[in-house]
Number of protein chains: 2
Amino acid sequence: MGDRGAKDALFDGFAEVAKAMGNGRRAELIDVLAQGERHVEELADEIAQSVANTSFHLRTLAAIGLVTTRRDGTRIYYRLTSGRVGELWAALRDVAAAHHSEIDDLAAAYLGDRSRLEEIGRAELVDRLVAGDVIVLDVRPLPEYTAGHIAGARSIPIERLAESLKAIPRDVEIVAYCRGPYCVMADDAVRLLRRRGRAARRLEDGFPEWQRAELPVEMQVAS
Amino acid sequence: MGDRGAKDALFDGFAEVAKAMGNGRRAELIDVLAQGERHVEELADEIAQSVANTSFHLRTLAAIGLVTTRRDGTRIYYRLTSGRVGELWAALRDVAAAHHSEIDDLAAAYLGDRSRLEEIGRAELVDRLVAGDVIVLDVRPLPEYTAGHIAGARSIPIERLAESLKAIPRDVEIVAYCRGPYCVMADDAVRLLRRRGRAARRLEDGFPEWQRAELPVEMQVAS
DNA sequence: CCTATCCTCAAGGAACTGCTTGAACAGTCG
DNA sequence: CGACTGTTCAAGCAGTTCCTTGAGGATAGG
């Protein structure tokens, strides 16, 4: 029991999982897949890489067991193997934000100035949803909304928000949400809405966190 | 807000943290440091690497912010920057065990057959400690015991267990613990004790988990 | 059966990682 | 101060990772 070689091999095994997450493009893939399953071409588009390279990264994640596939016709859908993978990703992000000093600057460069974006907590949003005096907008791409969204939310992908404004009542507060704390879509939505004179706030973090908190969720059932 | 380059850079930043954990030797270092602070020479010995290489790995972890240092005389002590790093490590291990199919075999090769080692849960041990009808043995190396241990536990590093047997009362059940679920020291202790006719069980997982569960802990205060 | 679509695989080059050796650098203590 | 101890740094090589290109499957549908 317990010789050096076997111990090294075991810890190399653990490290392989970290290595699988240790690439920016794969990290982005995990972040997208935490929203729900997607097929290769969509994923390639999301991370702005060639299909071949995206496929390669997905195979890498699959080899370690972090993602699984399902075929539907000619397409192959990838998804996270379980919710724990999403939790691990969230834990990694949190530790990075807390201890890796560069993250602050990188986040600021990507997200811009958030000081004027008011946030709303999950608990408060639950109350407001019960009271019914709020409109919740899911500004993620449609496939992510379809795969699962906050119960009662309306899908308006961020690119369509400007043209869909008229359909949103004027006198109700709007809450926008997207993928999580490092996602700009809800930020952009809130900025746009406020510029047009609407009362809008951003949900602190996004759909995966809402789902992990076991708050009410709806999903399109395949018919 | 939200151009591609900035997004890639941010996710590369997250990935750097995973990359820092993505090496077997560094994973072992984190596992040891989760027990408490140690200096470079001891750490090199623990992971069976040269001091130079160990120092290099520690610098890598420090550059990302996962570990911090403190000088004491001519020695430099490294420790995890916060308990969250330990939690991230535990989450990584759990996901690896759950989804990375090779881990089962690697763990079996390192740990051997555990089917005859009875385990005791944390909750039950707390009760037994209150009742006072159990002896708890910390079989980790002494510096780890000194840095922190289960309240009421006795330090008998595994190499000294055989020679220290006489000092342990015969008619009380013994519970041994060490670093965590993938540590063989408590296993070896329980096997030895049972061979000598003692009633012995292994605590499920180890000291870091006990500490995270906010159960009673003691530590040597520098005098 | 043939074609179109979607995905994966293989080869190759540039960049990075991990380990070793030997030298250099603190601090500390006599 | 000067020698010593513990730690870090630098160079260098072997091995791995990442992305690109282009070819090679697999499935669905005509």
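Just so it is clear: chains get the letters A, B, ... in the order the sequence lines come, proteins before strands, and each one is counted from 1.
Atom CG of A:L61 and atom C1' of D:dC18 are 14 Å apart (whole Å). Atom pair B:D12:CG and D:dC19:P shows a separation of 9 Å (rounding to whole Å applied). Rounded to whole Å, the distance from CG on B:L43 to C1' on D:dT8 is 15 Å. Atom CG in B:D45 sits about 12 Å away from atom P in D:dT7, given to the nearest Å. Rounded to an integer number of Å, the gap from B:I47 CD1 to C:dG18 P is 12 Å. Going from atom CG of B:D8 over to atom P of D:dC18 covers 14 Å, rounded to whole Å. To the nearest angstrom, P of C:dG18 lies 17 Å from CZ of A:F11. The distance from atom CZ of B:R59 to atom C1' of D:dA10 is 15 Å, rounded to the nearest whole Å.
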Under 3.5 Å, sequence neighbours excluded: what are the donor-acceptor pairs made by side chains of residues 208-215 of chain B?
from: B:E209; atom 1: OE1; to: B:G206; atom 2: N; distance (Å): 3.0
from: B:E209; atom 1: OE2; to: B:R93; atom 2: NH2; distance (Å): 2.9
from: B:W210; atom 1: NE1; to: B:P216; atom 2: O; distance (Å): 2.9

Pairs of donor and acceptor atoms involving the side chains of residues 74-82 of chain B, under 3.5 Å and at least two apart or interchain, shall be tabulated with distances.
from: B:R75; atom 1: NE; to: B:H39; atom 2: NE2; distance (Å): 3.3
from: B:Y78; atom 1: OH; to: B:R59; atom 2: NE; distance (Å): 3.2
from: B:Y78; atom 1: OH; to: B:R59; atom 2: NH2; distance (Å): 3.0
from: B:T81; atom 1: OG1; to: B:G65; atom 2: O; distance (Å): 2.7
from: B:T81; atom 1: OG1; to: B:L66; atom 2: O; distance (Å): 3.1
from: B:T81; atom 1: OG1; to: B:V67; atom 2: N; distance (Å): 3.3
from: B:T81; atom 1: OG1; to: B:T68; atom 2: OG1; distance (Å): 3.1
from: B:S82; atom 1: OG; to: A:H99; atom 2: NE2; distance (Å): 2.8
from: B:S82; atom 1: OG; to: B:R84; atom 2: N; distance (Å): 3.1

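One finds a side-chain N or O of A:H39 lying less than 4.0 angstrom from the OP1 or OP2 phosphate oxygen of C:dC7. Dashed line: the shortest gap from a side-chain N or O of A:Y78 to OP1 or OP2 of C:dT8 is under 4.0 Å.
Nearest heavy atoms, B:C178 versus B:C183: SG-SG, 2.8 Å. Closest approach of B:A6 and A:A109 over heavy atoms only: CB-O, 4.0 Å. Across all their heavy atoms, A:Y182 and A:A97 have their closest contact at OH-CB, 3.2 Å.
Taking the side-chain hydrogen bond (donor to acceptor under 3.5 Å, both in side chains) definition, one finds that A:E144 meets it with A:R38, A:R179, sequence neighbours left out. Remark: B:D187 engages B:R114, B:R202 in a side-chain hydrogen bond (donor to acceptor under 3.5 Å, both in side chains) (not counting sequence neighbours).
When the nearest nucleotides of DNA chain D are assigned to A:H57 and B:V51 by heavy-atom distance, the more 5′-ward of the two goes with B:V51.
Scanning residues 18-31 of chain B for heavy-atom distances under 4.0 Å to DNA chain C yields B:K19, B:N23, B:R26.
For the pair B:H149 (side chain) and B:Y145 (backbone), a donor-acceptor distance under 3.5 Å is present. Between the side chain of A:Y177 and the backbone N or O of A:I150, at least one donor-acceptor pair lies under 3.5 Å.
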- prompt: When you check every protein heavy atom under 4.0 Å of nucleotides 20-27 of chain D, what one-letter string (B, S, -) results, 5' to 3'?
  reply: BBB----S

